[in-house]
Amino acid sequence: MSSIFTKIINREIPSDIVYEQEDIIVIKDMNPKAKIHLLIIPKKEIETLDDIKQEDRNIISEMFYVATKVAKDLAITWAYQLHFNVWKQWWQEVMHLHLHLLSDK
Ligand code: AMP
């Protein structure tokens with residue numbers, strides 16, 4: 001079964017899409033924990049950071065690159081947080097890898 005984020009990527013369910021490229025999509029978090037709360041999501045379904053394989057290393061660095069690009073576009077380069085939650089039953093609610101970008105500026 002595909003993840004909720006794959007459904008967004010495939011336009012099966014609606015979302016507020018901020019940026020998209022071949023391998024990554026950036027959406028607004030539907031339950032924002034800050035004034036700006038975005039999710040940087042690889043289109044490849046990787047469950048958690050723990051599941052990263054050798055061949056996924058480029059996508060991780062690309063996710064960070066996209067985060068800095070979006071931060072520049074939003075003019076918040078001087079004040080934002082990036083984080084991953086890792087593993088269900090602890091922090092991670094959606095089992096499709098995503099990088100949180102938060103800013104109150
Ligand atoms: P995490 O706890 O790291 O798995 O965070 C998942 C995040 O995804 C939460 O902040 C949710 O508010 C957000 N989220 C879940 N479903 C959607 C959705 N359909 N559209 C936008 N954000 C979502």
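One-based numbering, in listed order, for ligands and for the atoms of each.
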Name each N or O atom in ligand 1 that is under 3.5 Å from a protein N or O, and give the partner atom and the distance.
from, atom 1, to, atom 2, distance (Å)
ligand 1, 2 (O), Trp91, O, 3.0
ligand 1, 2 (O), Glu93, N, 3.2
ligand 1, 3 (O), Asn85, ND2, 2.8
ligand 1, 3 (O), His98, NE2, 2.8
ligand 1, 3 (O), His100, NE2, 2.8
ligand 1, 4 (O), Glu93, N, 2.7
ligand 1, 4 (O), Val94, N, 2.8
ligand 1, 4 (O), His98, NE2, 3.0
ligand 1, 5 (O), His98, NE2, 3.1
ligand 1, 5 (O), His100, NE2, 3.4
ligand 1, 10 (O), Asp29, OD1, 3.2
ligand 1, 10 (O), Asp29, OD2, 2.5
ligand 1, 10 (O), Lys33, NZ, 3.2
ligand 1, 12 (O), Asp29, OD1, 2.6
ligand 1, 22 (N), Met30, N, 3.1

Would you check if there is a donor-acceptor pair between the side chains of Glu47 and Gln92 at a distance under 3.5 Å?
no
Using the rule that Ile, Leu, Val, Met, Phe, Trp and Tyr join whenever any side-chain heavy atoms are under 4.5 Å apart, tell me whether Ile40 and Tyr19 fall into a single cluster.
yes
Residue pairs passing the side chain to side chain donor-acceptor pair (under 3.5 Å) test with at least one member in residues 52-61, sequence neighbours excluded, are Lys44-Asp56
Around atom NZ of Lys35, are there more than 12 heavy atoms from other residues, nucleotides or ligands closer than 6.0 Å?
no
Measure from the ring center of His98 to the ring center of His96 and say whether it is less than 6.0 Å.
no
Less than 4.0 angstrom from a charged side-chain N to a carboxylate O is my criterion; do Glu20 and Lys43 meet it?
yes
